Amino acid sequence: MPSPPRMLLVLSENWTLTGGRADLPAAVRWAREAEDAGFDAVMVSEHIVLGPDAAAAGVMGNPRDYALPGNQDPHTPWPNSLLLLAAIASVTSRLRLAAAAVLAPLRHPLLLARELGTLDLISEGRLVVQPTVSWSKDEYDALGVPFTRRGRLLDEHLEVWAKVWGPSPISHDGPHYPFRDVYFEPKAHRPDGPRLWFGGQRLHGPVLRRLVRYGHGFHPLGRPTPEDLQGLKEAMSAAGRDVADLEMIGGTQAVFPDDRSPADLGAALSVIPEQLEQGFTTFCVKPNQFIDDPDGVGEFCREVMRRVAALTS
């Protein structure tokens, strides 16, 4: 019998519930309500800026849907994810804090490691980080970072992070971020740093390589194929690791009846038992896909937990 599922509340992209500016304290309140309801984690994603290519594929029909590459209005709010998670850490005690889609190549790895390590210490080890390269060339251009090097930059970030959690001083001779005899204190809560998730639209070479070498969790965008999951199992085994040691993050599937209405919660949660059988243990749900009342998130979280318990008992 699979273990009981862990539920994760997605706090980004809920701007049909709140405007994303003065209402940011609402997201902090929702996190506290999610913890009280029995949720395991909350997730906040990021962009630093958006450009015209944010809407290159046309804006999503229903504004409650997930933001995907090229489907969002460039005016979409993206507050700083780590600052928001720090505020959430201060009002919660158990809830894990998932910093999803951290765009590592847009920062220096020492600076980002300092921010991540501090947040991990504040939360006493509750931080989960999903570093990625993202898809927006406009965003890279605005920050003066070469878009074509983003994968190599992320790989070097991961190398540096693995060093900074160890003994000081440290040195690094990489092509993009060389430094000598750096003392990095304090470090993260765990000796090996925050938990790292990796994922994307496809489980291709770079994502698979990073996941096998550094990953503690697999968070795909969409449903991976049986071939993807088998390839992951084989790659982990070849590296001397067991795929069972990875946290597998699944999701709910919201189907909107039209571009103006929320989706049915029961139908969205019905995919969880099947994913549990495939080995997934943690499931994401975004409240504005199902409700329109910003004061109803606490009750929404309790309803999710009741329905999930009934599905999996």
Side-chain angles (χ1 to χ4, degrees), residues 1-14 16-18 26-45 64-66 81 84-85 88-89 91-101 123 125-130 194-197 199 216-224 244 246-255 262-313:
M1 180 69 179
S3 300
R6 294 190 290 257
M7 298 307 298
L8 181 154
L9 192 71
V10 177
L11 292 179
S12 299
E13 308 169 34
N14 283 283
T16 57
L17 292 177
T18 176
V28 178
R29 185 183 75 245
W30 296 340
R32 189 175 64 247
E33 292 172 339
E35 180 176 73
D36 292 343
F39 269 63
D40 173 77
V42 293
M43 176 183 288
V44 182
S45 301
R64 299 168 182 83
D65 211 346
Y66 277 106
S81 60
L84 182 53
L85 288 171
I88 291 169
V91 299
T92 58
S93 61
R94 178 189 53 79
L95 202 68
R96 288 193 298 162
L97 313 171
S123 65
R126 290 185 281 146
L127 180 62
V128 176
V129 181
Q130 183 170 330
R195 304 299 84 180
L196 296 179
W197 290 352
H216 305 99
F218 174 44
H219 181 201
L221 180 59
R223 297 286 294 275
L246 284 179
E247 182 174 4
M248 304 287 282
I249 299 92
T252 53
Q253 188 172 356
V255 177
D264 179 75
L265 178 61
L269 296 177
S270 67
V271 301
I272 288 178
E274 178 187 352
Q275 292 184 63
L276 281 170
E277 293 293 338
Q278 294 173 334
F280 288 84
T281 59
T282 303
F283 300 92
C284 305
V285 59
K286 188 160 78 86
N288 81 322
Q289 293 192 322
F290 308 101
I291 63 172
D292 288 330
D293 178 10
D295 295 323
V297 172
E299 176 54 35
F300 169 79
C301 290
R302 291 187 289 274
E303 179 64 16
V304 168
M305 296 306 294
R306 286 193 291 265
R307 289 176 180 255
V308 169
L311 279 170
T312 59
S313 60

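All figures in this text were calculated on a predicted structure; none of them were measured in a lab.
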Engineer: Answer yes or no: is there a donor N or O on one side and an acceptor on the other, between the side chain of Glu35 and the main chain of Thr92, under 3.5 Å?
Structural biologist: no
Engineer: Counting C-beta onward and ignoring hydrogens, is there a side-chain heavy-atom pair between Leu9 and Pro287 closer than 4.5 Å?
Structural biologist: yes
Engineer: Counting C-beta onward and ignoring hydrogens, is there a side-chain heavy-atom pair between Thr18 and Trp30 closer than 4.5 Å?
Structural biologist: yes
Engineer: Kindly determine whether Arg195 and Leu127 satisfy side chain to side chain contact (heavy atoms under 4.5 Å, CB included), including the steps that lead there.
Structural biologist: CA-CA 7 Å; Arg195 304 299 84 180; Leu127 180 62; over 6 Å; no
Engineer: When you measure from the side chain of Thr252 to the backbone N and O of Cys284, does any donor-acceptor pair fall under 3.5 Å?
Structural biologist: yes
Engineer: Using side-chain heavy atoms (C-beta onward) and a distance below 4.5 Å, is Ile88 in contact with Leu11?
Structural biologist: yes
Engineer: Is the shortest heavy-atom distance from the side chain of Leu8 to the side chain of Val285 under 4.5 Å?
Structural biologist: no
Engineer: To the nearest 0.5 Å, what is the distance between CD (Glu274) and CZ (Phe280)?
Structural biologist: 10.0 Å
Engineer: Do you know which two heavy atoms are closest between Ala263 and Ala254, and how far apart they sit?
Structural biologist: CB-CB, 3.8 Å
Engineer: If I take atom CD1 from residue Ile249 and atom OG1 from residue Thr282, how far apart are they, to the nearest 0.5 angstrom?
Structural biologist: 5.5 Å
Engineer: List in chain and number order the residues that pass side chain to side chain donor-acceptor pair (under 3.5 Å) with Gln253, two or more places apart in sequence or in another chain; answer none if no residue qualifies.
Structural biologist: none
Engineer: Looking only at atom types and distance, does a side-chain atom of Asp264 sit under 3.5 Å from a main-chain N or O of Ala267, one as donor and one as acceptor?
Structural biologist: yes
Engineer: Hey, what do you get for NZ (Lys286) to CD1 (Ile291), rounding to the nearest 0.5 Å?
Structural biologist: 11.5 Å
Engineer: Taking the side chain as everything from C-beta on, heavy atoms only, tell me whether Leu196 gets closer than 4.5 Å to Gln130.
Structural biologist: no
Engineer: May I ask you to say whether Arg94 pairs ionically with Asp36, meaning some side-chain N is under 4.0 Å from a carboxylate O?
Structural biologist: no
Engineer: Quick check for you: to the nearest 0.5 Å, what is the distance between Met248 atom CE and Leu276 atom CG?
Structural biologist: 11.5 Å
Engineer: Mind checking what makes side chain to side chain donor-acceptor pair (under 3.5 Å) contact with Arg96, not counting sequence neighbours?
Structural biologist: Asp40, Glu247
Engineer: Which heavy atom of Val44 sits nearest a heavy atom of Ser81, and at what distance?
Structural biologist: CG1-CB, 3.6 Å
Engineer: Tell me the closest heavy-atom pair linking Leu95 and Ala31, and the distance in Å.
Structural biologist: CD2-O, 3.4 Å
Engineer: Could you pull out the closest heavy-atom pair between Pro220 and Pro224, with the gap in Å?
Structural biologist: CG-CD, 3.7 Å
Engineer: Do Arg126 and Ser93 have side-chain N/O donor and acceptor atoms under 3.5 Å apart?
Structural biologist: no
Engineer: Taking atom OG1 of Thr312 and atom CZ of Phe283, what is their separation to the nearest 0.5 Å?
Structural biologist: 9.0 Å
Engineer: Taking Ser12's backbone N and O only, do any of them form a donor-acceptor pair with Asn14's side chain (distance below 3.5 Å, no angle check)?
Structural biologist: yes
Engineer: Check whether any side-chain heavy atom of Glu13 sits under 4.5 Å from a side-chain heavy atom of Asp65, and report yes or no.
Structural biologist: no
Engineer: Do Thr281 and Pro5 have side-chain heavy atoms sitting under 4.5 Å apart?
Structural biologist: no
Engineer: Show the numbers, then the answer: is there a side chain to side chain contact (heavy atoms under 4.5 Å, CB included) between Asp295 and Arg29?
Structural biologist: CA-CA 10 Å; Asp295 295 323; Arg29 185 183 75 245; 3.6 Å; yes
Engineer: Classify the ring geometry between Trp197 and His219 as parallel (under 30°), tilted (30 to 60°) or perpendicular (over 60°).
Structural biologist: perpendicular
Engineer: First locate atom CG of Leu269, then atom CD of Glu303, and finally report the distance between them rounded to the nearest 0.5 Å.
Structural biologist: 9.0 Å
Engineer: Mind checking what makes salt bridge (charged side-chain N to carboxylate O under 4.0 Å, His left out) contact with Glu299, not counting sequence neighbours?
Structural biologist: Arg302, Arg306
Engineer: What are the two closest non-hydrogen atoms of Leu85 and Leu97, and how far apart are they?
Structural biologist: O-CD1, 3.8 Å
Engineer: For a 4.5 angstrom cut-off between non-hydrogen side-chain atoms, does Gln289 reach Tyr66?
Structural biologist: yes
